[in-house]
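Below: the structure, in structure tokens.
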2 protein chains.
Amino acid sequence: MARRSYGQICGLSRALEIVGERWALLIIRDLMIGPKRFTDLRQGLPRIPTNVLSARLKELEHHGVLQRRILPRPATAVVYELTPYGRELDDILLALGRWGSQSLGPPDADDIYTADSLMMAMRASYQGGCSSAAPEPVTYELRVTGVVIGLTVQDGQLGVTDGPQSEPDLVIETGHGFAALLTGRISAAEALENGSVHVTGDPELLSEFANTFRIGP
Amino acid sequence: MARRSYGQICGLSRALEIVGERWALLIIRDLMIGPKRFTDLRQGLPRIPTNVLSARLKELEHHGVLQRRILPRPATAVVYELTPYGRELDDILLALGRWGSQSLGPPDADDIYTADSLMMAMRASYQGGCSSAAPEPVTYELRVTGVVIGLTVQDGQLGVTDGPQSEPDLVIETGHGFAALLTGRISAAEALENGSVHVTGDPELLSEFANTFRIGP
DNA sequence: CTGGATCCCTCACGATACTG
DNA sequence: CAGTATCGTGAGGGATCCAG
């Protein structure tokens, strides 16, 4: 529990002593979506050993980044949730995610998408108010390699939910080629043409989607 | 050299594979000030083992975060400098530094200030255009536990230099109590009164300094 | 079934010494 | 000055086991 110190009086080194250990920021990323149980976290971080997850949760709780809370009602369930201090990392995580996306190469065979990382990526790539003047809400259901999330764009605000979207304007189904669309390496039309993306709904909406969510130029 | 992967297709996990290893972001922080030689980096990172520094430099170069450059002229010197991609981390480092500063406790006996961390902290705490309407430049020389840097505020722009300032408007000399002033735990007047800060020049300027550089509320 | 604790192995890190 | 070599230690990885 005693932290290995960097031996400097510096906000950055302090930050790294708190969240710089392996897996820590990914745990925080998943909790940024909402409170989660131990097992949920385990599933979202497929390769994490349980002892490391356990240790990280204790350390992060000790530093005031997250809280352990015992749900009273339905069953004795333990959830972990970020404190306000932990939630302050949101913008930093989004920015780091954008930075790292630029280096994303072709994925390994056993690399996977998770719902949390996908939701994070969509929040990171959301182009605020740059979207075309469509005041009415637009909803998408996004399926990437079987992982399903819902997206709602309304009044320039982005809503992200886990699981299927109810009555989406457009269903987007894709695989590992999704990154190419998000980074603009291929256009919406090209993606439809080469079959790396399938849609259900108005195909024109995919262009709007590609403009709304973009990482890079 | 083969990176331990997090097994996820996610910009954040990619970023952490690149700069998430111990010491990496501190190396980048020091290079953010300017190109440096191996020995300079060693001095700014007092506890880093040389083999780890060597390994990090190789990895970061391999990922396009920094470049190794051989100075041709005066002597055969090797310097490391950030690439544009590496420099994109600047805002993230500043934000992380601000976040971590909120958790800075009383320092250990052997914790030190370094010029680079201090310059970083001043950049992170600089309150952009919030400063009072003083269009003329103000220059400070800041000495914290013997570490000396220069600060120049002009047209709402902050300049930070290593070493003494020439003809500063105010010389601020202080020790480990400097963090209390920066975070606003004590006021400029209190700091002068209890002797934790000494100034040479107009003491009133210390209030302006405390307003110009501030972390937290 | 959740929420971990425990064991063992490996490798990265940490400290120090040494070299072109 | 700019690293490389060596070696001990402890954190991370993986599997299994256990209590509520």
Side-chain angles (χ1 to χ4, degrees), chain A residues 1-8 13 16-27 30-31 35-62 66-81 108 110-111, chain B residues 1-8 13 16-27 30-31 35-62 66-81 108 110-111:
Chain A
M1 181 70 88
R3 317 227 35 82
R4 286 178 300 167
S5 163
Y6 286 101
Q8 302 191 357
S13 44
L16 294 175
E17 286 162 8
I18 298 175
V19 299
E21 309 260 328
R22 198 162 159 75
W23 294 106
L25 281 180
L26 293 180
I27 294 170
D30 283 11
L31 290 181
K36 284 198 165 51
R37 294 183 301 183
F38 190 92
T39 309
D40 299 332
L41 287 167
R42 236 181 119 173
Q43 268 207 311
L45 278 11
R47 307 236 258 241
I48 195 173
T50 59
N51 56 352
V52 173
L53 176 55
S54 192
R56 289 293 165 278
L57 289 172
K58 282 196 182 70
E59 293 161 10
L60 292 172
E61 182 184 16
H62 176 250
L66 57 80
Q67 284 177 336
R68 184 191 154 103
R69 188 156 57 94
I70 300 180
L71 291 185
R73 204 17 69 81
T76 52
V78 180
V79 295
Y80 298 88
E81 62 184 351
D108 281 0
D110 51 354
D111 284 355
Chain B
M1 182 70 87
R3 317 228 35 80
R4 287 178 300 167
S5 163
Y6 287 101
Q8 303 192 357
S13 45
L16 293 175
E17 286 162 7
I18 298 174
V19 299
E21 309 261 328
R22 199 164 159 73
W23 294 106
L25 282 180
L26 293 180
I27 293 170
D30 283 12
L31 290 181
K36 284 197 165 51
R37 295 185 301 181
F38 192 90
T39 309
D40 299 333
L41 287 167
R42 243 186 109 172
Q43 267 206 312
L45 277 12
R47 307 236 260 241
I48 195 174
T50 57
N51 55 352
V52 173
L53 176 55
S54 191
R56 290 295 166 276
L57 289 171
K58 282 197 182 72
E59 294 159 10
L60 292 173
E61 181 183 17
H62 176 251
L66 58 79
Q67 283 178 338
R68 184 190 155 103
R69 189 157 57 94
I70 299 179
L71 291 185
R73 207 14 68 85
T76 52
V78 181
V79 295
Y80 298 89
E81 62 185 350
D108 281 1
D110 50 354
D111 284 355

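Basis for what follows: all heavy atoms, side chains included, without hydrogens, waters or symmetry-related copies. Residue numbering restarts at 1 for every chain, and letters A, B, ... go by the order of the sequence lines.
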> Hey, is the main chain of B:G44 close enough, under 3.5 Å, to the side chain of A:Q8 for a donor-acceptor pair?
Replying inline: yes

>> On the nucleotide C:dC11, are OP1 or OP2 found under 4.0 Å from the side-chain N or O atoms that B:R22 carries?
In response: no

>> Counting neighbours of CD on A:Q43 that are heavy atoms of other residues, nucleotides or ligands and sit closer than 6.0 Å, is the number greater than 12?
In response: no

>> Whole angstroms only, please: what is the CZ-P distance between B:F38 and C:dG20?
In response: 17 Å

> In whole angstrom, what separates A:I48's CD1 from C:dG4's P?
Replying inline: 13 Å

>> Does D:dG13 have OP1 or OP2 under 4.0 Å away from a side-chain N or O of B:Y6?
In response: no

> OP1 or OP2 of C:dC13 less than 4.0 angstrom from a side-chain nitrogen or oxygen of B:R47, does that happen here?
Replying inline: no

>> Suppose we call a contact any N or O donor and acceptor under 3.5 Å apart; does that hold for the side chain of A:T50 and the base of C:dA5?
In response: yes

>> Taking the minimum atom-to-atom distance to the side chain of B:Y80, which one of D:dG3, D:dA11, C:dG3 wins?
In response: D:dG3

>> Rounding to an integer number of Å, can you tell me how far B:L45 CG sits from C:dG14 C1'?
In response: 14 Å

>> Checking side chain to side chain donor-acceptor pair (under 3.5 Å) between B:E81 and each of B:R68, B:R69, B:K36, which is the one that passes?
In response: B:R69

> Sub-3.5 Å donor-acceptor pair from the side chain of B:R22 to the main-chain atoms of A:L16, do we have one?
Replying inline: no

> What about A:N51: does its side chain form a donor-acceptor pair under 3.5 Å with the base of C:dG4?
Replying inline: no

> Between C:dC13, C:dG3, D:dG3, which nucleotide gets closest to the side-chain atoms of A:V78?
Replying inline: C:dG3

> Rounded to whole angstroms, how far apart are CZ on A:R56 and C1' on D:dA11?
Replying inline: 8 Å

>> What is the separation between atom CG on B:L53 and atom C1' on D:dT4, rounded to the nearest whole Å?
In response: 13 Å

>> Tell me whether the side-chain N/O atoms of B:K58 come closer than 4.0 Å to OP1 or OP2 in D:dT4.
In response: yes

> Where the side chain of B:R37 is concerned, which of D:dG12, C:dG4, D:dA2 is the nearest nucleotide?
Replying inline: D:dA2

>> Just the rounded figure in Å: distance from C1' of D:dG3 to CD1 of B:I70.
In response: 13 Å

>> From C-beta outward on B:W23, which listed nucleotide comes closest to its side chain: C:dG4, C:dG14, C:dG3?
In response: C:dG14

> Whole-Å distance between C:dG3 C1' and A:L41 CG?
Replying inline: 11 Å

> So, are B:K58 and B:E61 salt-bridged, with charged N and O less than 4.0 Å apart?
Replying inline: no

> Is the phosphate of C:dC1, meaning OP1 or OP2, less than 4.0 Å from a side-chain N or O of A:T39?
Replying inline: no

> Which of the following nucleotides, D:dG14, D:dG3, C:dG4, is nearest to the side chain of A:P49?
Replying inline: D:dG14

> So, is B:R4 close to the C:dA12 phosphate, meaning a side-chain N or O under 4.0 Å from OP1 or OP2?
Replying inline: no

> Among D:dA2, C:dG4, D:dG13, which is the nearest nucleotide to the side chain of A:V52?
Replying inline: D:dG13

> Can you check the B:Q43 CD to D:dG3 P distance for me, whole Å?
Replying inline: 16 Å

>> Below 30° counts as parallel, above 60° as perpendicular, anything between as tilted: where do the rings of B:F38 and B:Y80 land?
In response: tilted

